[in-house]
Amino acid sequence: MDSARSRPSSATPTGPSEIPGGDAPFVALKILIAGGFGVGKTTLVGSVSEIRPLRTEEALTEAGSGVDDLGGVERKSTTTVAMDFGRITIREGLALYLFGTPGQDRFWFLWDELAQGALGAVILADTRRLQDSFPAIDFFERREIPFVVAVNRFQGTRQYLCEEIAQALDLDAGTPVVLCDARIRTSGKEVLIALVEHASRRYQEQRVRAS
């Protein structure tokens, strides 16, 4: 399949940070939850977070009617204007700090700041608006930040195989595609574990190539 997206390389993203505490180091990993407008980023952060999530949602107004594309998400009434933040402990000594990005193009200037120090990203996708995933994919590919694509299964939508979605998005070989329900904590946690495992493999491969 011919690619419709350019893929320039960039600097290697920052790895995990270790924070001393107790008998063993506490590893805190920064994860971005990205994707297009209305794909469920705020829902995912809220469903998996073990703390009360920080949200910066504002009501959609007439001022944004000519700017924000509501095609496919006409019932959406709020939007993230800065970021969502949550935390989940994967196991003892390992926690993920989740930063949900705003989806609209007019807030993309925030993405560069949020991406600093990120181990990897989850790109949430909606098969009804799959083309909205391309900007996020390009963003993380250019910065060589590992990511997984998580297809949020909205009720009533047609179901596709992960292989079909990977082909439609023209993903590099080895980039995971997983199915999820952003409303369910266990489903979201499985997505995050898949990302951590994928990012770990990527960094190990980079170390081998550098040695």
Is [Y] close to [X] at the side-chain level, that is, under 4.5 Å between some pair of heavy atoms?
{"X": "F26", "Y": "L94", "answer": "no"}
{"X": "Y160", "Y": "V151", "answer": "no"}
{"X": "L195", "Y": "I31", "answer": "yes"}
{"X": "V45", "Y": "I33", "answer": "yes"}
{"X": "F37", "Y": "P102", "answer": "no"}
{"X": "Q167", "Y": "L169", "answer": "no"}
{"X": "K189", "Y": "I88", "answer": "yes"}

Treating [X] as the side-chain partner and [Y] as the backbone partner, does any N or O pair qualify as donor plus acceptor under 3.5 Å?
{"X": "R185", "Y": "V48", "result": "yes"}
{"X": "T89", "Y": "R91", "result": "no"}
{"X": "Y203", "Y": "L119", "result": "yes"}
{"X": "K41", "Y": "G36", "result": "yes"}
{"X": "T175", "Y": "L171", "result": "no"}
{"X": "E164", "Y": "L161", "result": "yes"}
{"X": "N152", "Y": "L124", "result": "no"}
{"X": "S49", "Y": "G46", "result": "no"}
{"X": "K30", "Y": "F99", "result": "no"}

What are the two closest heavy atoms between [X] and [Y], and how far apart are they?
{"X": "Y97", "Y": "A28", "result": "CE1-CB, 3.4 Å"}
{"X": "F147", "Y": "E141", "result": "CE2-CG, 3.7 Å"}
{"X": "A34", "Y": "T101", "result": "CA-OG1, 3.4 Å"}
{"X": "S47", "Y": "R183", "result": "CB-O, 3.6 Å"}
{"X": "A182", "Y": "G40", "result": "CB-O, 3.9 Å"}

Practice item. May I ask you to check whether S187 and D181 show a side-chain donor-acceptor distance below 3.5 Å? Key: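 No donor-acceptor contact under 3.5 Å links the two side chains.
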Are [Y] and [X] linked, directly or through intermediate hydrophobic residues, by side-chain heavy-atom contacts shorter than 4.5 Å (ILVMFWY only)?
{"X": "F154", "Y": "L130", "result": "no"}
{"X": "L98", "Y": "I193", "result": "yes"}
{"X": "L44", "Y": "I90", "result": "yes"}

Check your understanding: Hey, is CD on E113 packed in by over 12 heavy atoms from elsewhere, all under 6.0 Å?
Key ->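 Open: at most 12 neighbouring heavy atoms sit under 6.0 Å from CD of E113.
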Check your understanding: Are the charged groups of D126 and R129 less than 4.0 angstrom apart, N to O?
Key ->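 No, D126 and R129 are not salt-bridged.
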Practice item. Show the numbers, then the answer: is there a side chain to side chain contact (heavy atoms under 4.5 Å, CB included) between L114 and L32? Key: CA-CA 8 Å; L114 291 174; L32 296 191; 4.1 Å; yes
Check your understanding: When you measure from the centre of the six-membered ring of F139, is the NZ or CZ of R143 under 6.0 Å away and within 45° of the axis?
Key ->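 Yes, cation above the ring, under 6.0 Å and within 45°.
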